[in-house]
Amino acid sequence: MNNLLLPLLLLVVVAVPLVLGTRKQKKQQAAQQDLQKSIAPGDRVMTTSGLYGTVADASGDDTIDIEIAPGVVTTWLRIAVREKIAPAVETDETETETDSDETVGGVASTSSASEAPVQESISDEGEKSGAQIAPPLEHGKK
């Protein structure tokens with residue numbers, strides 16, 4: 001009984017992670033295939049090389065055309081698309097301006113005067129905690 005227990009235990013310890021790993025990989029492959037099939041003109045995408053662009057033409061089975069700059073269209077394989085990028089939501093500036101107005105004693109006052117010192121302190125902190133520049137290397141000197 002003990003002779004069979006150790007090999008059986010080793011088999012279970014090795015087999016279970018392999019089975020679970022392959023299931024996860026199959027799910028990821030299916031999700032990637034669904035993404036590649038759902039690409040349509042006008043979608044913002046990112047390629048596997050990190051290039052962002054807008055799909056100009058997706059009529060090919062294996063290739064798509066991506067506009068990377070106004071008037072610059074390149075052809076890519078569909079499998080090179082890593083993900084769709086959600087378009088940036090622009091906020092209406094008039095809403096933020098009206099939210100910052102405060103009424104004190106019936107008189108409307110803006111809080112922009114009180115915000116100015118806060119912005120200066122933020123920029124001062126950014127300079128202190130920012131990246132430091134290393135001195136230039138002196139080649140040939142030891």
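Positions are given from 1, in the same order as the sequence printed here.
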- Message: Going by the rule side chain to side chain contact (heavy atoms under 4.5 Å, CB included), which residues pair with Val16 if we only count those two or more places apart in sequence or in a different chain?
- Response: Val12, Leu20
- Under 4.5 Å side-chain linkage, directly or through intermediates, the cluster mates of Leu77: Ile79
- Query: By the rule that ILVMFWY residues connect when side-chain heavy atoms come within less than 4.5 angstrom, directly or transitively, which residues belong alongside Met46?
  - Reply: Tyr52, Ile85
- Message: Thr48: which residues meet the side chain to side chain donor-acceptor pair (under 3.5 Å) condition with it, sequence neighbours left out?
- Response: none
- If you look at every heavy atom in Gly53 and Ile66, which pair is closest and at what distance? CA-CG2, 3.6 Å
- Task: Report yes if the side chains of Gln25 and Gln29 come closer than 4.5 Å at any heavy-atom pair, otherwise no.
- Result: yes
- Closest heavy-atom pair and its distance - Pro7, Asn3: CD-O, 3.1 Å
- Item | Verify same cluster id: Val55, Val72 (apolar side-chain graph, 4.5 Å) | yes
- Can you list every pair that meets side-chain hydrogen bond (donor to acceptor under 3.5 Å, both in side chains) and has a residue in residues 67-81, with sequence neighbours left out? Asp65-Thr75, Thr74-Trp76
- Message: Restricting to non-hydrogen atoms, name the atom on Pro41 and the atom on Ala56 that form the minimum distance, rounded to 0.1 Å.
- Response: CB-O, 3.8 Å
- Note on the structure: d(Thr47 OG1, Ile64 CD1) to nearest 0.5 Å is 9.0 Å
- Item | Among Val81, Leu51, Thr54, the one residue meeting side chain to side chain contact (heavy atoms under 4.5 Å, CB included) with Val45 | Val81
- side chain to side chain contact (heavy atoms under 4.5 Å, CB included) involving Gln33 - partner list, sequence neighbours excluded: none
- So which pairs with a foot in residues 20-44 pass salt bridge (Lys or Arg N to Asp or Glu O under 4.0 Å), sequence neighbours left out? Asp43-Lys84
- Item | Set of side chain to side chain contact (heavy atoms under 4.5 Å, CB included) partners for Val14, sequence neighbours left out | Leu18
